[in-house]
Amino acid sequence: GKSVTNKEYVRVDAGMLPGFYYVGAMADSEDNEPETNEINNVLAGNRVTIRGTDLAITNVSGPTNGVIGAYIVVTNTLVNMSSVNAWDIYIGFYLSADVTIETNDLLIGIRTVEALYSKNTNRAFSGVCIPPDTAPGSYYLGVIADYENEIGETNEANNARAGNLIRIGYIAPDLALTILSGPTNGAAGSPITVTNAVSNNGSNAAPDVAVGFYLSPDTDITTNDLLI
C-alpha cells in the first residue's frame with residue numbers, strides 16, 4: 001500500500017473552551033469508501049493545550065436621563081486581559097432593573113469589535129436607541145462583552161458590567177396648526193382647497209399625524225363640527 005503525508009492547517013473554533021485536548025484524525029470520515037478493515041481509520045495524536053482569551057468590560061457610563069424612542073451615547077471600554085487575541089467580538093447594551101446585567105435584560109444596541117489583540121483596550125462612544133415600547137422608569141445601563149457567548153474564555157465573570165442609573169421618560173410631541181386658509185365661497189358638492197401647515201413644537205417625533213378639516217358656524221372648532 002501507499003502512504004501520503006500532509007500538513008494541514010486548521011483553525012480552532014473561537015468558541016472552544018480552554019483546556020487539554022488530544023489531536024485526532026479519521027480517514028474516510030464520511031464513510032464513503034468500503035474497506036477491508038475500518039478499525040485502523042482513527043488515530044489519536046499528542047495532547048494540545050487550548051488557551052482561551054479573557055474579555056472584560058471595565059467601564060460603562062452614559063446620561064442620567066433619556067427619552068423613549070431617542071438615542072443616547074454610552075461610553076464603554078473593552079479590555080483583552082489575556083495573551084490570546086480575540087476576533088469578532090459582539091458587545092450588547094442593556095437596560096436593567098438592577099445592577100446584575102444579564103442577557104434577559106432589555107437589549108437596546110450592539111457594537112462589533114473585529115479584532116482585539118492581547119492586552120489591548122478598545123474604547124467607544126456608542127449610540128443606542130431606547131426602544132419605543134420601553135416602560136418609563138429608572139434603569140441601570142449595562143454592557144456585556146460576547147453577549148451571545150460565542151468565544152471560549154478563561155473567565156466569563158468579567159464580561160458584564162453595570163453603569164449609572166438612567167431615568168427613562170416619554171416627552172410627548174406638541175402639534176400646532178400654524179397656517180389655515182381657504183376660499184371665501186364654496187358650493188355644495190364641490191371641492192375646495194384648504195391651505196394648512198402643522199408644526200411639531202416638541203422634542204419628540206410624532207409619526208402618522210392625521211389632520212381633520214371641518215365646517216363650523218363659529219370659531220370654536222371641535223370634533224362635533226362637520227368633518228369634510
Side-chain angles (χ1 to χ4, degrees), residues 11-21 48-172 203-205 207:
R11 183 175 180 177
V12 178
D13 187 272
M16 193 81 176
L17 293 175
F20 299 105
Y21 298 87
V48 60
T49 302
I50 301 298
R51 297 178 299 158
T53 190
D54 180 14
L55 302 173
I57 297 293
T58 59
N59 177 64
V60 179
S61 63
T64 56
N65 291 281
V67 176
I68 294 170
Y71 278 84
I72 60 172
V73 175
V74 179
T75 303
N76 57 103
T77 303
L78 172 69
V79 179
N80 185 345
M81 312 287 286
S82 73
S83 59
V84 177
N85 300 333
W87 314 93
D88 299 326
I89 307 161
Y90 294 93
I91 300 171
F93 297 83
Y94 294 86
L95 293 178
S96 174
D98 51 50
V99 294
T100 304
I101 309 301
E102 300 174 313
T103 54
N104 58 2
D105 290 322
L106 178 61
L107 180 67
I108 60 173
I110 300 167
R111 81 174 177 100
T112 305
V113 178
E114 292 184 357
L116 188 60
Y117 298 109
S118 168
K119 307 300 182 181
N120 279 13
T121 297
N122 181 281
R123 188 169 185 250
F125 303 91
S126 305
V128 294
C129 184
I130 299 171
D133 57 349
T134 304
S138 293
Y139 299 86
Y140 285 94
L141 290 170
V143 176
I144 301 178
D146 185 34
Y147 77 100
E148 293 183 325
N149 198 27
E150 294 182 337
I151 300 174
E153 299 186 56
T154 58
N155 181 12
E156 299 280 359
N158 55 4
N159 284 29
R161 178 173 288 270
N164 56 276
L165 271 172
I166 179 172
R167 183 172 178 81
I168 304 298
Y170 177 75
I171 299 178
S203 58
N204 209 13

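Counting all heavy atoms, side chain and backbone alike, P136 lies closest to I68 at CG-CD1, 3.9 Å. Closest of all the heavy-atom pairs between A86 and T53 is CB-OG1, 4.0 Å. For the residue pair L55 and E153, the shortest heavy atom distance occurs at N-OE1, 2.8 Å. Taking every heavy atom of both residues into account, Y140 and G163 meet most closely at CD2-O, 3.6 Å. Nearest approach of I72 to G66, heavy atoms of both residues: CG2-CA, 4.4 Å. Heavy-atom minimum distance, T100 versus D105: O-OD2, 3.4 Å.
Using a distance-only test at 3.5 Å, with no hydrogens or angles considered, no donor-acceptor pair links the side chain of N164 to the main chain of S61. Under a 3.5 Å cut-off, the side chain of N76 and the backbone N or O of V74 do form a donor-acceptor pair. Remark: side-chain polar atoms of N80 are paired, donor with acceptor, to backbone N or O of L116 under 3.5 angstrom.
Residues satisfying the side-chain contact (heavy atoms from CB on, under 4.5 Å) criterion with S118, sequence neighbours excluded, are S83, N85. By the ring-ring contact (aromatic ring centres under 6.0 Å, His included) test, Y170 pairs with no residue at all, sequence neighbours left out. Not counting sequence neighbours, the partners of R161 by the side-chain contact (heavy atoms from CB on, under 4.5 Å) test are I57, V60.
The shortest side-chain heavy-atom distance between R123 and V79 does not fall under the 4.5 Å cut-off. Within the 4.5 Å cutoff, no side-chain heavy atoms of I144 are placed close to those of I91. Counting heavy atoms from C-beta outward, P63 and I166 have side chains that approach closer than 4.5 Å.
Within the model, atoms CD of E114 and CH2 of W87 stand 10.0 Å from one another, a figure rounded to the nearest 0.5 Å. Residue L95 holds its CG atom at 4.0 Å from CD1 of I108, rounded to the nearest 0.5 Å. The CD1 atom of I130 sits 9.5 Å away from the OH atom of Y139 when rounded to the nearest 0.5 Å. Within the model, atoms CD1 of I101 and CG of N159 stand 13.0 Å from one another, a figure rounded to the nearest 0.5 Å. A distance of 4.0 Å separates CD1 in I151 from CG in D146, rounded to the nearest 0.5 Å. For the atom pair CG of L141 and CG of L165, the computed distance is 8.5 Å after rounding to the nearest 0.5 Å.
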Practice task
Before giving the answer on side-chain contact (heavy atoms from CB on, under 4.5 Å), spell out for Y94 and Y147 the whole-Å C-alpha distance, their side-chain angles and the decisive distance to 0.1 Å.
Solution key: CA-CA 10 Å; Y94 294 86; Y147 77 100; 3.3 Å; yes
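A donor and an acceptor atom, one from each side chain of D88 and T112, are nowhere located under 3.5 Å apart.
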